[in-house]
Number of protein chains: 2
Amino acid sequence: MTPAGRRIVAAAEELFYNRGITAVGVDLIAERSGVTKRTLYNQFGSKDHLVATYLAERDRRWRSLVRAAVEDCDDPVEAVTAPFDALRTWSRTNTRGCAFINALAELPDPSHPAHRIAAEQKLWLQSLFKELATAAGCSAPDALAVQLLVLHEGALATQPLPLDTLSDSTDLARAIVRAGAPPHW
Amino acid sequence: MTPAGRRIVAAAEELFYNRGITAVGVDLIAERSGVTKRTLYNQFGSKDHLVATYLAERDRRWRSLVRAAVEDCDDPVEAVTAPFDALRTWSRTNTRGCAFINALAELPDPSHPAHRIAAEQKLWLQSLFKELATAAGCSAPDALAVQLLVLHEGALATQPLPLDTLSDSTDLARAIVRAGAPPHW
DNA sequence: TCAGAAGTTCACAGATCAGTGTACCCGGGA
DNA sequence: TCCCGGGTACACTGATCTGTGAACTTCTGA
């Protein structure tokens, strides 16, 4: 991707996430990234393609944050809930909920690439939970992974409320992991 | 509200929920409800006000469904998780996630009435969980209510995924309620 | 009988939207 | 020297957006 292309995606990320996709016009993105609208269309072809690139880039950044949090854990039982620690970090600078859920809300057409990217992101996290739960020796890793995913998404969705939902979610996540893990690791 | 007003809100509900708020124009809503755009503006004054009415109406319908599910329960311990049964019913005809979360995604301005309505809806459910948990004699009803809220919102947010997240969420909800409730009710 | 509320008809304003066409500039590599 | 890719400048299209003005009809209740 060219330097101008990177600036466009960066501006699109900030604007799409904070103001909504439909509400942000390509003219504004071009202006914010110090680029002509012509350049934007030469690079991405359409607004839909730019939206897909924005989501893919965001997904990439978020996955690397989660992976780092998991790798920082020595104890395999603690590692299962490491994504919740990553979420705490992530939420400090991302206070408008989940970009993927938000994108699906605005783009009802299931054939839009945003749907595939969003689904892949959630399913990736679910399979990560399952892997980690299996590695920690948890019983019923499938159901556990789904429950951890729900807690994760719920904590993200309730972000705008004046409640510390992330703490209570993390507590519950740790509790169900410990309950499923072998007693004395 | 006049007959035309009711038809407008009904059309707005269907269109806003399924296609997104910004993506739906007032012309389309007027056409679908068999009404002139002039009438729409005479009744609601602005699109923002119509959006607020749509959300308020949806909230009203949803609360009455939840209340009915709770009142159907004889056992106070079962009653705590009755909103999850209501969600199962609700999800059969509402497959595009939470209308309130989706609205917040599109309307970033916190002074928009949609933000107040959405927050009130979530906090109402949380306080309902707390009331029910207290009535069932659960210990730590505050934290339990937040955890049940997170599970509820998480199940709703993961609706588009090819996973039965509602079942696993409901199972976990029942488990934590039973764990907190007095042993032999 | 008459007033007022609800609704229609239709043209219109002013802004914004995604996307295009064309001509041009500039730097680096063959 | 020349070419070409990345980028600029800028006008423009055609559609769509929210919202308004003004005159008209139709029904109902006092």
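What you are looking at is a predicted structure, and each value in this text was computed from that prediction instead of being measured. Throughout, protein chains are lettered first and strands after them, A, B, ... in sequence-line order, and every chain is numbered starting at 1.
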Next item on the list: Among C:dA18, D:dG7, D:dT18, find the nucleotide with the atom closest to the side chain of A:Val26.
Entry: C:dA18
Check: From C:dG19, D:dG7, C:dT8, pick the nucleotide closest to the side chain of A:Lys47?
Finding: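 My answer, after comparing the listed nucleotides, is C:dG19.
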Checklist line | Under 3.5 Å: donor-acceptor pair, side chain of A:Thr2, backbone of A:Gly5 | finding: yes
Would you mind reading off the distance between [X] atom [atom1] and [N] atom [atom2], rounded to a whole angstrom?
| X | N | atom1 | atom2 | result |
| --- | --- | --- | --- | --- |
| B:Leu28 | D:dG19 | CG | P | 16 Å |
| A:Leu50 | C:dG19 | CG | C1' | 14 Å |
| B:Arg7 | C:dT8 | CZ | P | 7 Å |
| A:Arg19 | C:dC17 | CZ | C1' | 16 Å |
| A:Asp27 | D:dA15 | CG | P | 19 Å |
| B:Arg6 | C:dG7 | CZ | P | 9 Å |
| A:His112 | C:dA18 | NE2 | C1' | 13 Å |
| B:Ile29 | D:dG19 | CD1 | C1' | 14 Å |

Check: Considering heavy-atom distances to DNA chain C, does B:Thr36 or A:Thr22 have its closest nucleotide positioned more toward the 5' end?
Finding: B:Thr36
Notebook entry, point to check: Which residue, A:Ile21 or B:Ala4, contacts DNA chain C at a nucleotide closer to its 5' end, judged by nearest heavy atom?
Noted result: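 It is B:Ala4 whose nearest nucleotide is closer to the 5' end.
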Item checked: Nearest heavy atoms of A:Ser46 and A:Tyr41, plus distance in Å -> CA-CE2, 3.9 Å
Next item on the list: State, without any angle test, whether A:Gln147 and B:Ser169 hold a side-chain donor-acceptor pair at a distance under 3.5 Å.
Entry: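 Per modelled atom types, A:Gln147 and B:Ser169 side chains form no pair under 3.5 Å.
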Check: Where each residue is assigned the nucleotide of DNA chain D containing its nearest heavy atom, which of A:Asn42 and A:Lys37 is assigned the position nearer the 5′ end?
Finding: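 Of the two residues, A:Asn42 wins.
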Check: Is any side-chain N or O of A:Arg38 under 3.5 Å from a base N or O of C:dG21, one able to act as donor and the other as acceptor?
Finding: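 A donor-acceptor contact between them is present.
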Note to self: Within the supplied structure, the quantity of interest is the number of heavy atoms (other residues, nucleotides, ligands) at a distance under 6.0 Å from B:Glu31 CD; does it exceed 12?
What the structure shows: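 Atom CD in B:Glu31 is not packed in, count stays at 12 or less.
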Note to self: Using a 6.0 Å cut-off, check whether atom CG of A:Asp109 has over 12 heavy atoms from anything other than its own residue.
What the structure shows: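 More than 12 within 6.0 Å, yes.
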Check: So what does B:Gly34 hit on the nucleic acid, given a heavy-atom distance under 4.0 Å: a base, only sugar-phosphate, or nothing?
Finding: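 Touches sugar-phosphate only.
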Notebook entry, point to check: Would you say B:Thr39 reaches C:dA6's phosphate, i.e. side-chain N/O to OP1/OP2 under 4.0 Å?
Noted result: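 Looking at the OP1 and OP2 atoms of C:dA6, neither is under 4.0 Å from any side-chain N or O of B:Thr39.
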Check: For C:dA18, does either OP1 or OP2 sit under 4.0 Å from a side-chain N or O belonging to A:Ser46?
Finding: no
